[in-house]
Amino acid sequence: MRDNKTSQAAIEYDANVHKTIPRYHLFHDETLDLVKSTVPKPLAWLDTGCGTGTLILKAIEQFGQLRFVAADPAEGMLKITAEKLANNEITYVLAGSEDLDYTDDFDVVTAIMVHHYLDEEGRKKATKNCYDMLKQGGIYITFESIRPNTETGTQIGLKRWQNAQLLNGKSPEAVDKHISRYGSELLPITIEAHKKLLTEAGFSTVEILWVSGMQAGFYGIK
Ligand SMILES: C[S@@+](CC[C@H](N)C(=O)[O-])C[C@H]1O[C@@H](n2cnc3c(N)ncnc32)[C@H](O)[C@@H]1O
């Protein structure tokens, strides 16, 4: 049974995410590397849509214990995060990015593969809230599935994503089911639209961090 917005149940997420999202681990590695170069000594870090807590676990390994807030609207996901991060001091919040209630509080806000379930208005609200929750000079880093600029590009991208999942050992039925979510449950936007979204939220520096196939990473500095 699905207990969150991803294509798998929370309990199966860690075992399957690599099969579904090509180069998934790089999202976390690129994020951590960017934080190291921009905010080398963060004091407070919000990971919104934390899922099963993998990014925070890696962040603790690299940056040590600091004030971490792990937020997610799915109880099943937060429960796994809490188990994974037991023995660490973490604040857990059961809410989506759009409903989190902090102001000028964090050096780092991360949202990895999180906002592509939201419609245009929801995404704007979530992104603006991430901006508001950052301290001045803080960094927002997000990865998402994206939409190519053309229908042909989209079809080519989806075909390649489909092939990657098959090569990773997923059944054709599971792959079809996942790909059919694109445009219905998954609402990706183009790279240009991402840059505009971040600029309109107020970020002074807006950059593309990483692109491969149907996924991309972006960052904004407040
Ligand atoms: C694909 S998982 C990514 C989890 C994690 N960030 C990672 O890197 O593995 C998407 C997560 O976003 C959460 N989510 C869905 N809608 C959200 C929203 N509006 N705000 C924050 N998180 C959301 C889901 O519950 C799920 O845990």
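Sequential numbering from 1 along the given sequence is applied to the chain's residues. Start at 1 and go down the list; that is how both ligands and their atoms are numbered. Please read these numbers as outputs of a predicted model, since none were measured by experiment.
- The part of Y13 lying near ligand 1 is the side chain, judged by heavy-atom distances below 4.0 Å.
- Atoms of ligand 1 found under 4.0 Å from any heavy atom of Y117 (numbered from 1 in listed order, with element): 1 (C), 10 (C), 15 (C), 16 (N).
- Considering backbone and side-chain atoms together, L118 places no N or O closer than 3.5 Å to any N or O of ligand 1.
- Close N/O approach between I21 and ligand 1 is not found [any backbone or side-chain N/O within under 3.5 Å].
- We find the OG1-CG distance between T154 and N149 to be 8.5 Å, quoted to the nearest 0.5 Å.
- The nearest pair of heavy atoms linking L186 to P188 is O-CD, 3.1 Å.
- Between T127 and A201, the closest heavy-atom pair is CG2-CB, 4.0 Å.
- Under a 4.0 Å criterion applied to the non-hydrogen atoms of G49, ligand 1 contributes the atoms 4 (C), 5 (C), 6 (N), 11 (C), 12 (O), 21 (C), 22 (N).
- Within a 6.0 Å radius of CG in D119, more than 12 heavy atoms belonging to other residues, nucleotides or ligands are found.
- The part of C50 lying near ligand 1 is the backbone, judged by heavy-atom distances below 4.0 Å.
- Here is the list of ligand 1 atoms found below 4.0 Å of a heavy atom in H28: 7 (C), 8 (O).
- Heavy atoms of D72 found under 4.0 angstrom from ligand 1 belong exclusively to the side chain.
- Of all heavy-atom pairs spanning G53 and T81, the tightest one is N-OG1, 3.1 Å.
- Applying the side chain to side chain donor-acceptor pair (under 3.5 Å) test to residues at least two apart or on different chains, the pairs with a partner in residues 105-116 are W45-T110, D47-T110, R67-D105, S97-H115, D107-K135, H115-Y140.
- Counting heavy atoms only, G96 comes closest to atom 18 (C) of ligand 1 of the residues G122, A74, A95, G96.
- The shortest heavy-atom distance from Y24 to ligand 1 is under 4.0 Å.
- When heavy-atom distances to ligand 1 are checked against a 4.0 Å cut-off, V17 has no atom that comes that close, whether in backbone or side chain.
- Looking at ligand 1, you'll find an N or O of S97 within less than 3.5 Å of one of its N or O atoms.
- With sequence neighbours excluded, the residues that form a ring-ring contact (aromatic ring centres under 6.0 Å, His included) with F218 are H194.
- Considering each of C130, A70, G51, P73, the one bringing a non-hydrogen atom nearest atom 14 (N) of ligand 1 is P73.
- Ring geometry for H178 against W161 counts as perpendicular: the plane angle is over 60°, on a 0 to 90° scale with 30° as the lower cut.
- Shown here for R147 and Y182, the closest heavy-atom pair between the two residues is CA-OH, 3.1 Å.
- Heavy-atom minimum distance, G51 versus D72: N-OD2, 2.9 Å.
- At under 3.5 Å, not a single nitrogen or oxygen of T48, backbone or side chain, sits near a nitrogen or oxygen of ligand 1.
- Considering only non-hydrogen atoms, atom 22 (N) of ligand 1 lies nearest to V114 out of D14, V114, T81.
- Considering backbone and side-chain N/O atoms, E98 comes within less than 3.5 Å of an N/O atom of ligand 1.
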